[in-house]
Colleague: 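One structure follows; several queries about it will come next.
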Amino acid sequence: PDAGTNPARRSGAMTRTLIVLLRAINVGGRQAPMARLRAACEAAGFASVRSYVASGNLLLDTPLAAAEAEAAVEAIVARDFCFHSDAIARDRDQWNAIVAAAPFPAEREARAKMVHLCLSKRPLSADAAARIAERAQAGEQVTQIGDALWIDYAEGVGRSKLTPALLDKAAGSPVTGRNWRSVVALRDLVGE
């Protein structure tokens with residue numbers, strides 16, 4: 001696409017940095033090498049495209065609103081990698097506010113890989129955390145702060161009954177999660 005037909009290249013529009021989380025990417029048969037994905041996003045008009053690890057974490061500059069950027073990235077994945085992956089975007093200020101409000105300080109310190117931030121595609125159902133907490137086991141904790149779900153998977157995600165399908169149903173739209181280490185790394189990267 002060229003600048004004339006691509007909404008990611010709105011000349012003169014002010015840009016902002018978005019963190020875009022792709023759901024369930026580079027697992028099973030859903031492979032999207034990050035170098036190729038970054039190149040495809042740049043070709044589509046996004047600027048300063050960076051990625052963090054291979055699990056679908058993008059940082060990019062764009063004049064697009066978050067929902068427009070999500071749709072554009074989803075279209076790139078579908079076109080270039082032949083599968084759908086929900087994209088969930090937050091801007092730098094939103095991300096920093098989410099990190100600042102993070103619960104479970106002792107748990108984050110003790111087991112950063114077990115505490116997860118979960119974000120949904122659309123606004124969370126008001127009772128999302130309560131519905132998820134009903135299924136929590138083995139010391140798992142769930143809380144909702146603003147538009148973020150926080151889950152302490154005390155014994156690990158792999159052993160949990162808090163499945164992606166349960167999270168989606170409770171939230172009212174697709175959800176993707178990142179562990180505390182990734183959350184902090186993305187905060188640090190977006191601050192660069």
Side-chain angles (χ1 to χ4, degrees), residues 1-11 13 15-95 98 116-124 128 147-149 151 157-158 162-190 192:
D2 65 35
T5 61
N6 193 328
R9 293 187 180 163
R10 291 181 183 156
S11 63
T15 64
R16 62 188 174 144
T17 301
L18 292 178
I19 295 172
V20 181
L21 307 177
L22 289 160
R23 178 180 164 150
I25 200 165
N26 292 333
V27 293
R30 298 165 52 108
Q31 299 299 309
M34 291 295 100
R36 279 185 54 206
L37 181 57
R38 287 191 311 269
C41 288
E42 288 170 356
F46 293 107
S48 301
V49 180
R50 296 164 283 160
S51 59
Y52 173 72
V53 298
S55 58
N57 304 297
L58 293 174
L59 295 96
L60 47 84
D61 292 346
T62 181
L64 299 179
E68 293 173 303
E70 290 169 350
V73 171
E74 288 171 358
I76 290 166
V77 171
R79 180 194 71 214
D80 292 7
F81 304 101
C82 302
F83 63 86
H84 176 78
S85 177
D86 287 297
I88 299 171
R90 299 295 187 270
D91 68 28
R92 177 192 328 243
D93 292 341
Q94 291 170 317
W95 195 265
I98 288 167
H116 283 234
L117 164 64
C118 300
L119 297 174
S120 63
K121 186 101 170 130
R122 292 187 296 277
L124 286 171
D147 74 341
L149 283 169
I151 303 175
V157 176
L162 306 180
T163 63
L166 172 70
L167 299 182
D168 291 354
K169 185 174 181 182
S173 70
V175 171
T176 192
R178 298 299 186 271
N179 70 39
W180 179 246
R181 284 187 182 167
S182 293
V183 169
V184 171
L186 288 166
R187 178 204 59 199
D188 294 345
L189 286 169
V190 82
E192 290 179 355

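Reckoned from all heavy atoms, side chains included, excluding hydrogens, waters and symmetry mates.
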Colleague: I need the minimum non-hydrogen distance between R50 and L189, along with the two atoms involved.
Modeller: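 That closest heavy-atom pairing would be NH1-O, 3.0 Å.
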
Colleague: Any salt bridge (charged side-chain N to carboxylate O under 4.0 Å, His left out) pairs touching residues 23-34, not counting sequence neighbours?
Modeller: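 Passing the test, one end in residues 23-34: R23-D168.
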
Colleague: Measure the CZ-CG distance between R181 and L186 for me, rounded to the nearest 0.5 Å.
Modeller: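 One gets 14.0 Å once the value is rounded to the nearest 0.5 Å.
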
Colleague: State, to 0.1 Å, how close R79 and A40 come at their nearest heavy-atom pair, and which atoms those are.
Modeller: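 In terms of heavy atoms, the two residues are closest at NH2-CB, 4.4 Å.
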
Colleague: At their closest point, which heavy atom of L18 faces which heavy atom of A66, and how far apart are they?
Modeller: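 Closest approach of L18 to A66, heavy atoms only: CD1-CA, 4.1 Å.
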
Colleague: Does a donor on one side chain and an acceptor on the other come within less than 3.5 Å for R178 and T176?
Modeller: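 The criterion, which ignores hydrogens and geometry beyond distance, is satisfied for T176 and R178.
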
Colleague: How close do L22 and S85 get, counting heavy atoms only, and between which atoms?
Modeller: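 That closest heavy-atom pairing would be CB-OG, 3.6 Å.
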
Colleague: Nearest heavy-atom pair of I88 and R90: which atoms, and what distance?
Modeller: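 That closest heavy-atom pairing would be CG2-NH1, 3.4 Å.
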
Colleague: Give the C-alpha distance, both sets of side-chain angles, the deciding distance and a yes or no for side-chain contact (heavy atoms from CB on, under 4.5 Å) between N26 and S55.
Modeller: CA-CA 6 Å; N26 292 333; S55 58; over 6 Å; no

Colleague: Determine whether a donor-acceptor pair (N or O, by modelled atom type, separation under 3.5 Å) exists between the side chain of W95 and the backbone of A89.
Modeller: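 The answer is no, because no donor-acceptor pair under 3.5 Å joins these two groups.
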
Colleague: Dump the intermediate steps for side-chain contact (heavy atoms from CB on, under 4.5 Å) on L58 and C41, then the final yes or no.
Modeller: CA-CA 10 Å; L58 293 174; C41 288; 4.0 Å; yes

Colleague: Quick one: does any side-chain atom of K121 pair with a main-chain N or O of A87 as donor and acceptor, under 3.5 Å?
Modeller: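 Looks like yes, one N/O pair under 3.5 Å.
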
Colleague: Mind running side-chain contact (heavy atoms from CB on, under 4.5 Å) on H84 and V77 for me, showing each step along the way?
Modeller: CA-CA 7 Å; H84 176 78; V77 171; over 6 Å; no

Colleague: Hey, mind stepping through T17 and S48 against side-chain contact (heavy atoms from CB on, under 4.5 Å) and telling me if it holds?
Modeller: CA-CA 9 Å; T17 301; S48 301; over 6 Å; no

Colleague: Does the side chain of N179 reach to within under 4.5 Å of the side chain of V157, using non-hydrogen atoms?
Modeller: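 N179 does not reach V157 side chain to side chain.
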
Colleague: For the atom pair CG (D86) and CG (L119), what is the distance rounded to the nearest 0.5 Å?
Modeller: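 D86 atom CG to L119 atom CG measures 12.5 Å (nearest 0.5 Å).
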
Colleague: Just wondering, do S120 and L149 contact through their side chains at under 4.5 Å, heavy atoms?
Modeller: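 L149 does not reach S120 side chain to side chain.
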
Colleague: With rounding to the nearest 0.5 Å, note down the distance linking CD1 in I76 to CZ in R36.
Modeller: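 Those atoms lie 12.5 Å apart.
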
Colleague: Determine the minimum heavy-atom distance between A128 and L124, stating which atoms define it.
Modeller: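 For A128 and L124, the tightest heavy-atom pair comes out as CB-CD2, 4.4 Å.
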
Colleague: Would the distance check show the side chain of R38 and the main-chain N or O of S51 forming a donor-acceptor pair, the cut-off being under 3.5 Å?
Modeller: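 Flag not set: sc R38 to bb S51 has no pair under 3.5 Å.
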
Colleague: Check whether any side-chain heavy atom of V49 sits under 4.5 Å from a side-chain heavy atom of L37, and report yes or no.
Modeller: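 Answer no - side chains too far apart.
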
Colleague: Looking only at atom types and distance, does a side-chain atom of D61 sit under 3.5 Å from a main-chain N or O of T15, one as donor and one as acceptor?
Modeller: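 Pair absent, no side-chain N/O of D61 close to backbone of T15.
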
